[in-house]
2 protein chains.
Amino acid sequence: MSSSQKQPASLKSVAKMAGVSIATVSRVLNGDPVVKPETKLAVEKAIKTAGYHPNRVAQRLRSSYKSGRLIGLVIPDIRNPYYIDVIRGIEESAYTNGSAVLIGNFSQDPDKEKMYINILKSESVDGFIIAPHHGHDKYVEDLIEQHHAVVCIDRGLANCSTDIVKSDNERGAFNAVEHLIKLGHKRIAHISGNLSIPTTHERIAGYVAALRKYNLPVDDTLIRGRASDFQSGIDLTAELLDLPEPPEAIFTANNLLTLGSLEKIHERGVKIPDEIAIVGFDDMYWAASLNPALTAVRQHGFEIGKRAIELLYQRIEDPARPAANVIINTELMVRRSCGFKPGTL
Amino acid sequence: MSSSQKQPASLKSVAKMAGVSIATVSRVLNGDPVVKPETKLAVEKAIKTAGYHPNRVAQRLRSSYKSGRLIGLVIPDIRNPYYIDVIRGIEESAYTNGSAVLIGNFSQDPDKEKMYINILKSESVDGFIIAPHHGHDKYVEDLIEQHHAVVCIDRGLANCSTDIVKSDNERGAFNAVEHLIKLGHKRIAHISGNLSIPTTHERIAGYVAALRKYNLPVDDTLIRGRASDFQSGIDLTAELLDLPEPPEAIFTANNLLTLGSLEKIHERGVKIPDEIAIVGFDDMYWAASLNPALTAVRQHGFEIGKRAIELLYQRIEDPARPAANVIINTELMVRRSCGFKPGTL
DNA sequence: TAGGGTCCTGAAAACGTTTACACTAAAAAC
DNA sequence: GTTTTTAGTGTAAACGTTTTCAGGACCCTA
């Protein structure tokens, strides 16, 4: 019926239509109880017939605003399905709050990270959710120093106290390796990730702890780490398979490494799980479709995203609140890629 | 050294520091050649020492601005890896242009789609990239009628002429089915998607065209479509396998259907490709890691995203430009899931 | 009738930009 | 030596909000 106005309605046009001042319209919009019921009705009618929607840009310029916030999200790799879950968790909550999410994917590139942080700052986002590049991420530290609301995911910052939401990496790794051990594997390798991020070390620690607990030797030649990408998975798996005494099982530190490792294992025609077992950190929704279905450590990305944005809202409300550190448990998704030991399952 | 200013620098503070008016500072920032070289230098120095970054909110309020745009992206399902590629294509170009991307994932929910479109409108985005919910998407049509810059991906709108960037669905489907036929398969089923979107029909058309070309019968009991989700893939595959005369090959219409289909095929213990061949629309970066590696129709999502944002920039520059319709070819990624015919490959 | 509430509303400043316009001083033209 | 041009700069309005402040109308009390 309506829907063909040239200019979008503004406070001014609504005010004129209702025969009141813009202040009154604003008050109605914000539910100020002071306005007289009659005028309120008149204004509401004008708002409806004008098809008015507040201009969030003007609102944000005037003052960072209560409802309908703008959230900045900065992540290192949108191709990682884990981060997709995180995004969905954030988005679900953002949706119910009428918030919008500005997304920056920096692809492990610090310059890109810096630029996105600057853009988001200059867009006056109400708060940031960031997976810092590493533990000494200067850009994120600056952000916090400048009193922006920031929640970190995956890892914290060495020099700052911030809200953090992350998985229990050590325990997750421990569970995975313990699972292998309980199935009878003894010679277990670990393909590790980028050594500059704390996550990597936590996962190594879990691996080592499991071996220790069961009195298995920790063999340095079986721990190999380079980068966290597909190619490293391929190369490091080749190295392991070429060992005079190759491992019986591999624990990979993230999904891309897992994929690379599988690629090489298939290429060599090595049978999973009969000739080699594999368990990966990071579950993917299609992990069950791999053949054999992949046993994996599931990070609850959706949950992590959800908690992160909750914390962020609280941080925006109360900047002085002490920092919270939320650790989300992982879950071992047992499938077929590690084999069976008689008596288990 | 610097980095501890309470308030971010504004035109005003820079102007005061440089001893000029804010207009002059603005002119320097926008490269107006009218300013005297000396003052220009002084202002630039002040800008640097103040660590000034323009406030994009104020810029956008004042007038939609030339560099550093804000792009609204509305997609139906962020879990679909195809859209991740699209996002990356958009993002790459946005990054080099200093643009930011506001993302709305509506999860096939029209209400959510509507809300995100409203939010983006009210954030005064410079333009929209949208995968419409279906061919008669009223919200998107309204947007275009209101003279917003809009580029559609995946499908157009029946009642509007817009810029569209999409894959050649019919040809992609044709190639996939032709591949099966050339490998000697005759009884080929098609698991189709949501029948309310044009894409689905284009893919069916390609399937039918291939059968026709090779004088194979088109058997309605072998074409089954319900929704475009995982569960449909499972259920429809079960139906097909339960047929008195089950198909020798299946062509699935998207990645979720493929995954569901694989799930059921594995569950039944049917061997791929010996007992059944499968080719899917939508390639995924991990499709080669499936066992056997999946033969799939690859949509160039990255390319689609890139072309979409290019068109969008051009549309913003010139709202009157006639609408363009860009069709991107697909690519058949031949792997192992369709088997080999003696003499091929 | 004067004084003081209470109730409701409007005027105006502010947020940080861009930009049309006005203005000054010096240079050029006559 | 006056007038006109030109170069360079500043003033102020505008974008659409929120919010403080002031003030008008009304009612109550003395």
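For the numbers below, each heavy atom of this structure counts, side chains included, while hydrogens, waters and symmetry mates do not. Protein chains get the first letters and strands the later ones, always in sequence-line order, with residue 1 at the start of each.
Within 4.0 Å (heavy atoms only), A:Ser10 reaches sugar-phosphate atoms of the nucleic acid but no base atom.
Using a 4.0 Å cut-off between a side-chain N of Lys or Arg and a carboxylate O of Asp or Glu, A:Arg60 and A:Glu123 do not qualify as a salt bridge.
Within the structure, every side-chain polar atom (N or O) of B:Ser26 is placed at least 4.0 Å from both OP1 and OP2 of C:dT17. Taking 4.0 angstrom as the limit, B:Gln59 places a side-chain polar atom (N or O) nearer than this to OP1 or OP2 of C:dT18. A sub-4.0 Å separation between OP1 or OP2 of C:dC15 and a side-chain N or O of B:Asn55 is absent.
Between the P atom of C:dA20 and the CG atom of B:Asn30 lies a distance of 12 Å, rounded to the nearest Å. In this entry the distance linking CZ of A:Arg56 with P of D:dT18 reads 12 Å, nearest Å. Atom C1' of nucleotide D:dG16 and atom NZ of A:Lys16 are separated by 15 Å, given to the nearest angstrom. The interatomic distance linking B:Lys12 (NZ) with D:dG10 (P) rounds to 16 Å, in whole Å. If you measure from atom CG of A:Leu61 to atom P of D:dG16, you get 12 Å, rounded to the nearest angstrom. Atom CZ of A:Arg60 and atom P of D:dT17 are 13 Å apart (whole Å). Protein atom CG of A:Asp32 is 11 Å distant from nucleotide atom P of D:dT20, rounded to whole Å.
Relative to the side chain of B:Ala58, the nucleotides C:dT17, C:dT18, D:dC15 differ in distance, and C:dT17 lies closest.
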Contact list (N/O, under 3.5 angstrom) for nucleotides 7-13 of chain C vs protein:
unit_1: C:dT9; atom_1: OP1; unit_2: A:Thr39; atom_2: OG1; d: 2.8
unit_1: C:dT9; atom_1: OP2; unit_2: A:Lys36; atom_2: N; d: 2.9
unit_1: C:dT9; atom_1: OP2; unit_2: A:Thr39; atom_2: OG1; d: 3.1
unit_1: C:dG10; atom_1: OP2; unit_2: A:Ser21; atom_2: N; d: 2.9
unit_1: C:dG10; atom_1: OP2; unit_2: A:Ser21; atom_2: OG; d: 3.1
unit_1: C:dG10; atom_1: OP2; unit_2: A:Thr24; atom_2: OG1; d: 2.7
unit_1: C:dG10; atom_1: N7; unit_2: A:Arg27; atom_2: NH2; d: 2.7
unit_1: C:dG10; atom_1: O6; unit_2: A:Arg27; atom_2: NH1; d: 3.2
unit_1: C:dG10; atom_1: O6; unit_2: A:Arg27; atom_2: NH2; d: 3.4

Just the atom pairs and distances: protein N or O near nucleotides 23-25 of chain D's N or O, under 3.5 Å.
none

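Evaluation of the salt bridge (Lys or Arg N to Asp or Glu O under 4.0 Å) rule for A:Glu113 yields no partner, not counting sequence neighbours. Legend: residues meeting side chain to side chain contact (heavy atoms under 4.5 Å, CB included) with B:Phe302, ordered by chain and number and at least two apart, are B:Arg88, B:Glu92, B:Lys306. For A:His134, the ring pair (Phe, Tyr, Trp, His ring centres under 6.0 Å) criterion is met by no residue, not counting sequence neighbours. By the ring pair (Phe, Tyr, Trp, His ring centres under 6.0 Å) test, A:His300 is found to be paired with no residue, residues two or more places apart in sequence or in another chain being considered. Scanning for salt bridge (Lys or Arg N to Asp or Glu O under 4.0 Å) contacts around B:Glu303 gives B:Arg307, with sequence neighbours left out. Considering only residues two or more places apart in sequence or on other chains, B:Asp154 meets the salt bridge (Lys or Arg N to Asp or Glu O under 4.0 Å) condition with none of them. For A:Ser196, the side-chain hydrogen bond (donor to acceptor under 3.5 Å, both in side chains) criterion is met by A:Asn194, not counting sequence neighbours. In terms of the salt bridge (Lys or Arg N to Asp or Glu O under 4.0 Å) criterion, residue partners of B:Lys166 (sequence neighbours excluded) are, by chain and number, B:Glu202.
To the nearest 0.5 angstrom, A:Ser93 atom OG is 8.5 Å from A:Ile71 atom CD1.
Within the helix from C:dT1-D:dA30 to C:dC30-D:dG1, the inter-axis angle between the opening and closing five-pair segments is 70°, rounded to 10°.
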Practice prompt. Please report the C-alpha distance between A:Glu91 and B:Arg79 in whole Å, then the side-chain angles of each, then the deciding distance to 0.1 Å, and finally whether the salt bridge (Lys or Arg N to Asp or Glu O under 4.0 Å) criterion is met.
Written response: CA-CA 12 Å; A:Glu91 196 244 59; B:Arg79 265 180 298 191; over 6 Å; no
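For residues 19-48 of chain B, there are no salt bridge (Lys or Arg N to Asp or Glu O under 4.0 Å) pairs, not counting sequence neighbours.
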